[in-house]
Each structure stands twice: as C-alpha cells, then as structure tokens.
Amino acid sequence: QAQVEEFGGGSVQAGGSLNLSCVVSANRYDTYCLGWFRQAPGKEREGVGGVDSDGKSIYANSVKGRFIISEDDKKNTLFLQMNSLKPEDTAMYYCAAGPHPLGGNCYWADWGQGTQVTVSS
C-alpha cells in the first residue's frame with residue numbers, strides 16, 4: 001500500500017560515488033523495512049541492504065564498507081550512498097518497502113520501478 005519511487009541513477013567511473021534516493025508515500029506501515037535491491041544483466045535480483053523501523057541495518061557483503069543506507073528525519077525517504085564504485089556494481093537498482101511484523105521477516109510488498117546505475121572503467 002506504499003508508493004515507492006527511486007531517483008539519482010546515472011553513469012559514473014570506477015572509484016567514483018553516486019547517491020540514490022527513494023521516496024516512500026506518507027501512508028506507510030508502523031513497523032517496516034526499507035531496502036535497496038539490484039539486478040545486473042543476466043543475473044537474478046539481489047539484496048543490497050536495508051533498514052527497519054527499529055533502526056537496524058544490514059548490508060550485502062559485496063557492498064559492506066562502500067555503501068551507506070540512511071533514512072531522513074521524516075522517515076519518508078531512503079538514501080543509498082555508494083562509494084568506491086566498481087564495474088560489477090552496474091545494475092538496475094530498486095527500492096522496496098513493506099511491513100516488518102514483530103518476530104518475523106521483512107515482507108517486500110511495495111517496489112519502485114528502478115533506476116539504472118552504470119559504472120565504467
């Protein structure tokens with residue numbers, strides 16, 4: 001029931017940085033997960049990282065130490081700061097949102113249409 005839209009994709013050279021943002025509608029879940037996923041050509045979609053409403057975060061090993069996920073004070077925008085980009089980071093990046101039941105897993109119910117990130121050498 002949340003609307004999700006990504007912004008900020010583009011092209012960057014290897015070693016550079018790029019920031020993405022994800023705007024989520026005001027009508028959101030009380031306890032939630034917000035996350036970034038990506039899908040490279042010929043590969044399956046994979047999780048990049050995310051946060052939950054308790055402030056906990058998780059990152060894929062492939063981006064740990066290079067990417068930073070944060071949320072604005074109004075809790076309606078999710079950011080992805082990407083540093084030290086590599087060609088293998090090239091993918092369509094998707095933002096997702098959904099409920100996070102107590103004691104349960106994130107349920108990725110709402111997805112954006114994606115924004116392309118291309119890293120060249």
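Residue numbers start at 1 and run along the sequence shown. What's counted below: heavy atoms across the whole structure, side chains too, no hydrogens, waters or symmetry copies.
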Could you list all the salt bridge (charged side-chain N to carboxylate O under 4.0 Å, His left out) pairs where at least one residue sits in residues 108-121, not counting sequence neighbours?
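Every candidate salt bridge (charged side-chain N to carboxylate O under 4.0 Å, His left out) pair involving residues 108-121 fails, so no pair, neighbours aside, qualifies.
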[atom2] on [Y] to [atom1] on [X], rounded to 0.5 Å:
{"X": "Leu85", "Y": "Ser11", "atom1": "CG", "atom2": "OG", "answer": "11.0 Å"}
{"X": "Cys95", "Y": "Phe7", "atom1": "SG", "atom2": "CZ", "answer": "10.5 Å"}
{"X": "Trp36", "Y": "Tyr59", "atom1": "CH2", "atom2": "OH", "answer": "12.5 Å"}
{"X": "Glu71", "Y": "Ser57", "atom1": "CD", "atom2": "OG", "answer": "11.5 Å"}
{"X": "Ser70", "Y": "Leu34", "atom1": "OG", "atom2": "CG", "answer": "11.0 Å"}

In one Ile/Leu/Val/Met/Phe/Trp/Tyr side-chain cluster, 4.5 Å: [X], [Y]:
{"X": "Tyr94", "Y": "Val24", "result": "no"}
{"X": "Phe67", "Y": "Val119", "result": "yes"}
{"X": "Met92", "Y": "Val23", "result": "no"}
{"X": "Val12", "Y": "Ile68", "result": "yes"}

Do [X] and [Y] have side-chain heavy atoms sitting under 4.5 Å apart?
{"X": "Cys22", "Y": "Val4", "result": "yes"}
{"X": "Val117", "Y": "Thr90", "result": "no"}
{"X": "Tyr93", "Y": "Met82", "result": "yes"}
{"X": "Ser21", "Y": "Thr77", "result": "yes"}
{"X": "Val51", "Y": "Cys33", "result": "no"}
{"X": "Ser62", "Y": "Arg38", "result": "yes"}

Mind checking whether Trp111 and Phe37 have parallel, tilted or perpendicular rings, split at 30° and 60°?
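Ring orientation, 0 to 90° scale: tilted.
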Residue pair [X] / [Y]: nearest heavy atoms and the distance that separates them:
{"X": "Tyr29", "Y": "Ala109", "result": "OH-CB, 3.9 Å"}
{"X": "Pro87", "Y": "Ala14", "result": "CD-CB, 4.1 Å"}
{"X": "Ala40", "Y": "Ala91", "result": "N-CB, 3.8 Å"}
{"X": "Gln81", "Y": "Asn83", "result": "NE2-ND2, 3.4 Å"}

Would the distance check show the side chain of Glu6 and the main-chain N or O of Gln113 forming a donor-acceptor pair, the cut-off being under 3.5 Å?
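Side chain of Glu6 to backbone of Gln113, a donor-acceptor pair under 3.5 Å: yes, one is there.
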Is a donor on one side and an acceptor on the other found under 3.5 Å between the side chain of Asp54 and the backbone of Lys56?
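Side chain of Asp54 to backbone of Lys56, a donor-acceptor pair under 3.5 Å: no, none is there.
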Would Asp89 and Arg66 count as a side chain to side chain contact (heavy atoms under 4.5 Å, CB included) if you check the C-alpha gap in whole Å, the side-chain angles of each, and the deciding distance to 0.1 Å?
CA-CA 11 Å; Asp89 294 318; Arg66 299 189 297 121; 2.8 Å; yes
Worked check of side chain to side chain contact (heavy atoms under 4.5 Å, CB included) between Leu78 and Ile69
CA-CA 7 Å; Leu78 185 72; Ile69 295 174; 3.6 Å; yes
Quick check on Gln13: does its CD atom have over 12 non-hydrogen neighbours (other residues, nucleotides or ligands) under 6.0 Å away?
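Not more than 12 within 6.0 Å, no.
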Who pairs with Arg45 by salt bridge (Lys or Arg N to Asp or Glu O under 4.0 Å), at least two apart in sequence or on another chain?
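Partners of Arg45 by the salt bridge (Lys or Arg N to Asp or Glu O under 4.0 Å) criterion come out as none, since no residue qualifies.
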